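For reference, the structure discussed in these notes is given below.
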There are 2 protein chains.
Amino acid sequence: MGVNLKELAAELKLSPSTVSRALNDSYEISEATKQKVILMAKKLDYQPNPFARSLRENKSKTIAVVIPERINNYFANVVDGIEEITQAHGYHLLVYCTQEDVEREKKIVNLLMNGRADAIVISVSSQLTDNSHLNLLHQRGFPLVFFDRICTEIPTTKYITNNYESAFEGTKHLIQQGCKKIAFFMLSKELSITKERYRGYKDALDQAGINLDPSLNLTFSQNEEQNIESIKELLNSEKRPDGILSSIGKLALSTYQAVKHTTLNIPRDLKIISFFADSTVASLLNPSLTTITTPTFKIGEECGKLLIQKLTKPKQPDLPNQTLVIPSKITIRSSTIEI
Amino acid sequence: MGVNLKELAAELKLSPSTVSRALNDSYEISEATKQKVILMAKKLDYQPNPFARSLRENKSKTIAVVIPERINNYFANVVDGIEEITQAHGYHLLVYCTQEDVEREKKIVNLLMNGRADAIVISVSSQLTDNSHLNLLHQRGFPLVFFDRICTEIPTTKYITNNYESAFEGTKHLIQQGCKKIAFFMLSKELSITKERYRGYKDALDQAGINLDPSLNLTFSQNEEQNIESIKELLNSEKRPDGILSSIGKLALSTYQAVKHTTLNIPRDLKIISFFADSTVASLLNPSLTTITTPTFKIGEECGKLLIQKLTKPKQPDLPNQTLVIPSKITIRSSTIEI
DNA sequence: ACTAAATACGGAAACGATTTCATTTTGTAT
DNA sequence: ATACAAAATGAAATCGTTTCCGTATTTAGT
């Protein structure tokens, strides 16, 4: 294949050190030889060996991204945002998907301890209760950034949306539309986003003087069929809700599936609002779905920018322990509005 | 952070060579010292430096995946499949998204020439006309696997679905439902999948004795708004089709959007069938969408398996020049059936 | 004209693993 | 006890860069 630095140097009758410096545009090398070197490098199609470089410089120009799901526009869009920024700075992205499995997440994170990546940006799995693996990583000084599903206890930078406010506003909207029995759908009680969204939901009910009915707070699994069954059951029961705040997009889709098997009508009998990533799909559902959408690409870009800062500026301090909020937007569609 | 081999060896009062061999389970090392070494390695949390290893062994345990879009269940699912197989064998995935931009694709592929990855699996961008960058890569002996959108001229292994047959059957289905003027929606004429799907469409029309109307064959862009406008225009024109075969999923969604702005009814006035990845969404659309779905996860798994074979078995021959077909499935829903 | 500093380059160490080759230790047969 | 093979370990080269350090040549200052 290609030549290496030594061969290139031999061809030029120069030492490897000089060639290396010429290619790295060092001040120690004269303009004339720089040009010669660059020309010959191009001619012989010289490509520096990334591993030799990484070994020497102790950095990989690689960022690891860990997400719970790939088939999910939310996370896909964040990764796009990260790539948009980091690629422009010559960084590569190792992308890992945990499939919402903590054990897998732990394995991946442990694998990353060896320095294969210069930093990690992660949104944790929904089963996460023990985050010792991430703690260890952070304690070792490994640059770590969270987004969306964060670990609040780990003192580093986190990007989230205004979960509390969005859930509050969303619930308020349902109440304004006349809902009295509002259900809350979630994936895992342990998730940071769940907790915040639940607080928002709860406070909105409180404010309206509505009693929270714990039997209307449902936790779902990764099994779509099973979730649809649970929802059907709920909708056929006595204490059927007249409104739903879904904290996860796919639970809204499961609800639509479940409703198809009942005689209920959205929005007449049941109104639903959901955190949801894909507005095209939301508008095409029948009825179109009222959504809370997060600027996911923006979140990805912010993660990327922060890390580029941290990794390229020398003597950069640790990633500050702060939670940055990028607000979501509520789009009211037919699923909450009676015509 | 962690210790390196030398430090570990010093701690054990052994030479680095012995420790290395012990950890790699060499026959030259006694069982007793192996145990001692392994124990101490665990105790000191020794993690071999991946770059030192890659440099020495000239392999990275990394596979690059290049896809045109991340916000697309089709590709996301393939990547999941690849990861499922390769992760189990200790491989890492560098995932690149070209955003359907050839220039970006070229840059990425050129970046990969330096050996950062041991192999590439790619589905090419829709604008691709010149594939010299991929050709060069392949000529240099770089393991290259295509899926879905392939380069037929490059002699390596490719995984596709039965595009011709699926399009043929899909079109036939429309004809059977009484369609006489069937449109074909595509992204780019240059794409391998477009050509095959178009052939299937064409042959089905031929077989039914229907004349192909070139004005019903529409090529779309990356701009969703613009696409919706084009479709609206078509639907409001004189030569409005009564059936559509969409070779790309998102064009079906755009069609649904466009139809909302007309007085037309699906399936009464217009029937539509589309290649489509997300069956949940397809079934929730109104009316539910008749789809051609590809077992994308399976395709990913096959790519993964093949590459693991190639990369782990020593003295493996080149990837055979063959195109492997994994058939799609047509699911008939309401968008093509009049009630 | 002589010294000091700046400029341009080469030699060799270093990064951290694997592996070839050499060497010591142990075991076995005579 | 001696010889020789087998087993277990160590020393050093190697992978391809970058960089520390040294040196020769040129430039500048007095």
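Here is the naming used below: chain letters follow the sequence lines, and residue numbers restart at 1 for every chain. Just so it is clear, the structure is predicted and the values come from calculations on it, not from any experiment.
- Across the protein-nucleic acid pair, B:Lys59 atom NZ and D:dG16 atom P stand 16 Å apart, rounded to whole Å.
- Atom pair A:Lys36:NZ and C:dC9:P shows a separation of 8 Å (rounding to whole Å applied).
- Between the side chains of B:Ser30 and B:Thr33, at least one donor N or O sits under 3.5 Å from an acceptor N or O.
- Remark: the B:Arg21 side chain and the C:dT20 base include a donor-acceptor N/O pair separated by less than 3.5 Å.
- Put simply, CG on B:Asn110 and CD on B:Glu105 are 10.5 Å apart, with the number rounded to the nearest 0.5 Å.
- Here B:Tyr46 reaches the OP1 or OP2 of C:dA17: one of its side-chain N or O atoms lies under 4.0 Å away.
- Among the protein residues, A:Ser20 comes within range of the nucleic acid bases, having at least one heavy atom under 4.0 Å from a base atom.
- Identified under the ring pair (Phe, Tyr, Trp, His ring centres under 6.0 Å) test for residues 15-64 of chain A, with sequence neighbours left out: none.
- With hydrogens and angles ignored, a donor-acceptor pair closer than 3.5 Å exists between the side chain of B:Ser17 and the base of D:dA11.
- As a whole-Å value, the separation of A:Leu5 CG from C:dG10 P is 12 Å.
- Residue contacts for B:Glu57: at a heavy-atom cut-off of 4.0 Å it reaches the sugar-phosphate backbone alone, with no base atom in range.
- Among the heavy atoms of the strands lying under 4.0 Å from A:Gln47 are primed sugar atoms or P, OP1, OP2 only; no base atom is included.
- Between B:Thr18 and A:Ile29, the residue whose closest nucleotide on DNA chain C is further toward the 5' end is A:Ile29.
- As rounded to whole Å, 15 Å separates atom C1' of D:dC20 from atom CG of A:Asn24.
- Other residues, nucleotides and ligands contribute over 12 non-hydrogen atoms within 6.0 Å of the NZ atom of A:Lys61.
- To the nearest angstrom, C1' of C:dG10 lies 15 Å from NZ of A:Lys6.
- Going from atom CZ of A:Arg116 over to atom C1' of C:dG16 covers 14 Å, rounded to whole Å.
- Remark on DNA chain D: of its neighbouring residues B:Val19 and B:Leu55, the 5'-side contact belongs to B:Val19, judged by nearest-heavy-atom nucleotide.
- B:Asn58 comes within 4.0 angstrom of nothing in the nucleic acid, heavy atoms only.
- Residue pairs that meet the salt bridge (charged side-chain N to carboxylate O under 4.0 Å, His left out) test with at least one member in residues 87-99 of chain A, sequence neighbours left out, do not exist here.
- A sub-4.0 Å separation between OP1 or OP2 of C:dT18 and a side-chain N or O of B:Arg53 is present.
- Nucleic acid contact for B:Thr33: sugar-phosphate only, since backbone atoms but no base atoms lie under 4.0 Å from a heavy atom of the residue.
- Taking atom NZ of residue A:Lys34 and atom C1' of nucleotide C:dT7, one finds them 12 Å apart after rounding to whole Å.
- Separating the CD atom of A:Glu28 from the P atom of C:dA8 is a distance of 10 Å, rounded to the nearest angstrom.
- Two residues, B:Asn49 and A:Leu14, neighbour DNA chain C, and the one matched to the more 5' nucleotide by heavy-atom proximity is A:Leu14.
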